[in-house]
Amino acid sequence: MKQTAFRWLGRSSVVAVAVAFASACAADAPVGPGRATVQGVTATADVTDGNRLPDLTGCEQLAAPAGSTLVLDAYGVGVQIYQWNGTSWAFVAPSATLFADAGDHGVVATHFGGPTWKSNSGGTVVGTVADRCPVDPASIPWVSLTGVADGPGIFEKVTFIQRLNTVGGNAPSTPGSLNEIVKVPYTANYLFYKAP
């Protein structure tokens, strides 16, 4: 699984992470394609430079729209909630915490039914699944979503979301009892983009 760092990007190009979150990021975080270290903080280039972060080989249909700007890359830890309806496990909702990195440092937002993400800065974004890409049969698929943002903060003007690098989260493979609820642990990277 790739480790990611929280990245906050400005309107025109690379901008360092907001000072409030800088201490949550590793100063020596790995630098990869399309990433640059700015004063010890990992940042990411505007995707309009032709660099489509992250690697979507085999799932190219999940790419952000041309000209989009990546404003947040967070690491989600939580559960996918399912209910047995008598014949199958029906998906109910996600419940997760988004962190600044894969080390569970710096809570950035919460994720719940809708699907909705609510940032610590007060804004929300509600997504609608646009496409799916099953990468690992043992894990929930990667998805892309269109988003509608409301309020200020890091989600302001977010119009596109990706859930990538998923681990776990699938519904149980065995039947349950009527109306039984299960919470299946999962992790994922969530990337949020704003339109040009």
Side-chain angles (χ1 to χ4, degrees), residues 2-22 24-25 29 31-39 41-56 59-76 78 94 96-102 105-133 141-166 188-196:
K2 298 177 186 176
Q3 179 177 359
T4 59
F6 171 65
R7 291 172 289 276
W8 184 285
L9 301 177
R11 295 177 188 259
S12 60
S13 64
V14 178
V15 178
V17 175
V19 175
F21 294 116
C25 296
V31 176
R35 296 181 188 159
T37 300
V38 179
Q39 299 177 0
V41 178
T42 301
T44 305
D46 182 330
V47 295
T48 58
D49 68 3
N51 191 347
R52 293 277 178 201
L53 293 176
D55 180 5
L56 295 173
C59 293
E60 291 82 1
Q61 72 272 24
L62 303 182
S68 296
T69 301
L70 177 65
V71 294
L72 175 64
D73 180 350
Y75 184 72
T97 302
L98 273 60
F99 294 93
D101 63 31
H105 299 109
V107 174
V108 178
T110 56
H111 178 37
F112 49 92
T116 304
W117 294 265
K118 182 175 182 178
S119 75
N120 290 352
S121 53
T124 62
V125 62
V126 177
T128 300
V129 173
D131 214 329
R132 299 174 189 273
C133 185
W142 293 11
V143 297
S144 63
L145 307 98
T146 56
V148 176
D150 184 32
I154 58 174
F155 293 143
E156 185 175 9
K157 299 182 182 177
V158 164
T159 58
F160 191 81
I161 304 150
Q162 295 166 328
R163 180 185 73 193
L164 308 174
N165 303 319
T166 55
N189 289 101
Y190 288 95
L191 288 79
F192 300 86
Y193 300 84
K194 68 178 180 179

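- Taking the side chain as every heavy atom from C-beta outward, Trp142 and Asn165 approach each other to under 4.5 Å.
- Taken from OG1 in Thr146 to OH in Tyr193, the straight-line distance is 14.5 Å, to the nearest 0.5 Å.
- Closest approach of Ser121 to Gly153, counting heavy atoms only: OG-CA, 3.2 Å.
- The side chain to side chain contact (heavy atoms under 4.5 Å, CB included) check on Pro94 picks up Gln80, Phe91, His111, Tyr186, with sequence neighbours excluded.
- Side-chain contact between Thr166 and Val143 is absent, with no heavy-atom pair separated by less than 4.5 Å.
- A 4.5 Å side-chain heavy-atom check between Trp117 and Ile161 finds at least one atom pair inside the cut-off.
- Note that CG of Leu145 is 9.0 Å distant from CZ of Phe192, once rounded to the nearest 0.5 Å.
- Taking SG of Cys133 as the reference point, atom CD of Gln162 lies at 11.0 Å (rounded to 0.5 Å).
- When every heavy atom of Ala100 is checked against every heavy atom of Val108, the shortest pair comes out as N-CG2, 3.6 Å.
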Item to complete: Go through the steps for Val107 and Phe99 under the test side chain to side chain contact (heavy atoms under 4.5 Å, CB included), then give the verdict.
Response: CA-CA 4 Å; Val107 174; Phe99 294 93; 3.6 Å; yes
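- In this structure a side-chain-to-backbone donor-acceptor pair under 3.5 Å is present from Gln61 to Arg132.
- The distance from the CG atom of Leu70 to the CG atom of Leu72 is 7.5 Å, given to the nearest 0.5 Å.
- In plain terms, the two heavy atoms of Lys157 and Lys194 that are nearest each other are O-CB, 3.2 Å.
- Partners of Ser144 under the side chain to side chain donor-acceptor pair (under 3.5 Å) rule, at least two apart in sequence or in another chain, do not exist in this structure.
- Scored by the side chain to side chain contact (heavy atoms under 4.5 Å, CB included) test, Thr124 finds Thr116, Lys118, Asp150 as partners (sequence neighbours excluded).
- Listed here is the closest heavy atom pair of Ala66 and Pro196: O-CG, 4.0 Å.
- Rounded to the nearest 0.5 Å, atoms CG (Leu98) and OH (Tyr190) are 6.5 Å apart.
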